[in-house]
Amino acid sequence: RYLSEIRRNTDIKLGTATGRTLRSYGDKEKKYHLNEIMNFLILNDGCDIYDNDNGSHHEYEFLNYQQARAVCLIFNQWEFANVIFIGDTSMYAEKYTEELKDTMARQGIDHFLEVSEEMSGKVKRCVVVFDRNRQEEVRRIRQDNPVRGVRYLFSEGHLLDVLPEGVSKRIALEKYLHDNGDDWENVMFFGDGENDMELIEKSGIGVAMKNAPETVKAVRDQITQQDCDNEGCIRFLMDREDLWKQ
């Protein structure tokens, strides 16, 4: 309700930047009528930009099959890790686990396939899913095994996002700003993961969520008093109108 009031009563543009696929986001949109609030969407960690004001869609190229296979060979040799590729209707992986079934349910996907060349062009997100207590091992593995044209970012305590070098939420938001004649100075961005750090650093006001790791909080201008599960963004906006109403 608060964001709807901002949308109706100001010239401020509202958007979301997420790793969700369009189908997964769409489930939330229907439940909460998000497109009545959001001017733009950045999905699949920056692969897709949807401008709701003019109905446009910009799409970046995702990993090719050779890159996908190289990432699989690196991480799938470890029993605590699984490389999965997420599309709007299908999920690809080489290990079918109970955790993978849960991930599919959260993404609204009921179709599982093995990794193959046929998946090229059908997926726009790749994540390494691992045991939460193995993050430092995963960090070491990614550092010791670079893949040409690929970058890694932790998005949650148990997920490692795998992206082409030319794709990121920062790059996507930069394009949106350029296309709309705006710049980073006028951006307030909220984030809680390693894949949000570039945006927090670039924004005029970069806000780290209370639940963000210390590496993210180290680059922020502000920190919310509440976390993501307790209306942290909204509470911050309500309490600090002095930061953005001007």
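Keep in mind that what you see is a predicted model, and the values were worked out from it rather than measured.
- Using cut-offs of 30° and 60° on the angle between ring planes, the pair Tyr60 and His58 is perpendicular.
- Few gaps surround CZ on Arg7; more than 12 heavy atoms of other groups in view lie less than 6.0 Å from it.
- Environment of OH in Tyr65: crowded, with over 12 heavy atoms of neighbouring residues, nucleotides or ligands closer than 6.0 Å.
- Remark: Gln77 CD is packed, more than 12 non-hydrogen atoms of other residues, nucleotides or ligands lying under 6.0 Å away.
- Between the side chain of Gln143 and the backbone N or O of Arg140, no donor-acceptor pair lies under 3.5 Å.
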task: Could you walk me through whether Arg220 and Glu201 pass salt bridge (Lys or Arg N to Asp or Glu O under 4.0 Å), step by step?
output: CA-CA 7 Å; Arg220 92 297 187 248; Glu201 288 183 289; over 6 Å; no

query: Going through the checks in order, is the side chain to side chain contact (heavy atoms under 4.5 Å, CB included) test met by Val216 and Ile200?
result: CA-CA 8 Å; Val216 176; Ile200 292 173; 3.5 Å; yes

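- For Asn230 (side chain) and Gly232 (main-chain N/O), no donor-acceptor pair under 3.5 Å exists by modelled atom type.
- Residues Arg134 and Glu137 meet the side-chain proximity criterion, which asks for heavy atoms closer than 4.5 Å.
- In terms of modelled atom types and a separation under 3.5 Å, the side chain of Lys217 and the main chain of Lys210 share a donor-acceptor contact.
- Salt bridge annotation for Asp179-Lys175: present, with a cationic side-chain nitrogen under 4.0 angstrom from a carboxylate oxygen.
- Asp161 and Asn195 share a donor-acceptor pair across their side chains, judged by distance under 3.5 Å alone.
- In this structure, Asp221 and Ser203 approach most closely via the heavy-atom pair OD2-O, 4.1 Å.
- Taking 4.0 Å as the cut-off between side-chain N and carboxylate O, Glu79 and Lys95 do not count as a salt-bridged pair.
- Grouping the Ile, Leu, Val, Met, Phe, Trp and Tyr side chains by contacts below 4.5 angstrom, directly or via other members, places Met119 apart from Val127.
- Note on Phe130 and Ile141: same hydrophobic cluster, where clusters join Ile, Leu, Val, Met, Phe, Trp and Tyr whose side-chain heavy atoms are under 4.5 Å apart, directly or indirectly.
- Glu194 and Arg139 are joined by a salt bridge, as a carboxylate oxygen and a charged side-chain nitrogen come within less than 4.0 angstrom of each other.
- Scanning all heavy atoms of the two residues, the minimum distance from Val167 to Glu61 falls at CG2-O, 3.6 Å.
- The six-membered or imidazole ring of Tyr176 lies away from that of His178, with a centre-to-centre distance of 6.0 Å or more.
- Side-chain atoms of Asp48 never come within 3.5 Å of backbone atoms of Glu59 as a donor-acceptor pair (strictly under, hydrogens ignored).
- A 6.0 Å sphere centred on CD of Glu118 holds no more than 12 heavy atoms belonging to other residues, nucleotides or ligands.
- Under a hydrophobic-cluster definition in which Ile, Leu, Val, Met, Phe, Trp and Tyr are linked whenever side-chain heavy atoms come within less than 4.5 Å, directly or via other members, Tyr152 and Val138 are assigned to the same cluster.
- The heavy-atom pair separating Cys228 from Asn211 by the smallest distance is N-OD1, 3.0 Å.
- Side chains of Asn35 and Tyr25: a donor on one and an acceptor on the other come within 3.5 Å.
- In this structure, the side chain of Asp88 engages the main chain of Arg23 through a donor-acceptor pair within 3.5 Å.
- Using a cut-off of 4.0 Å between Lys/Arg side-chain N and Asp/Glu carboxylate O, Lys122 and Glu117 are scored as not salt-bridged.
- Salt bridge annotation for Arg170-Asp196: absent, with no cationic side-chain nitrogen under 4.0 angstrom from a carboxylate oxygen.
- By the side-chain contact (heavy atoms from CB on, under 4.5 Å) test, Asp182 is found to be paired with Leu177, Asn186, residues two or more places apart in sequence or in another chain being considered.
- Within the structure, every pair that satisfies the salt bridge (Lys or Arg N to Asp or Glu O under 4.0 Å) test and touches residues 65-78, not counting sequence neighbours, is listed here: Arg69-Glu94.
- A continuous path of hydrophobic side-chain contacts links Leu160 to Val150 [ILVMFWY only; heavy atoms under 4.5 Å].
- Side-chain contact check for Trp184 and Glu174: at least one donor-acceptor pair (N or O, by modelled atom type) lies under 3.5 Å.
- Val187 and Leu173 get closest at one heavy-atom pair: CG1-CD2, 4.4 Å.
- Contact detail for Phe75 and Ala81: the closest heavy-atom pair is O-CB, 3.7 Å.
- Transitive grouping of hydrophobic side chains (ILVMFWY, heavy atoms separated by less than 4.5 Å) brings Val123 and Leu63 into a common cluster.
- Under the salt bridge (Lys or Arg N to Asp or Glu O under 4.0 Å) rule, Asp45 has a single partner from Arg125, Arg20, Arg151, which is Arg125.
- Exactly one residue among Met209, Gln226, Met188 makes a side-chain contact (heavy atoms from CB on, under 4.5 Å) with Phe236. That residue is Met188.
- Between Tyr50 and His57, the ring centre distance stays below 6.0 Å.
- A salt bridge does not link Glu165 to Arg148: none of the charged nitrogens lies less than 4.0 Å from a carboxylate oxygen.
- A distance-only check finds a donor-acceptor pair linking the side chain of Asp183 to the backbone of Glu185 [under 3.5 Å].
- For the pair Cys126/Val83, a side-chain contact is recorded, criterion being any heavy-atom separation below 4.5 Å from C-beta on.
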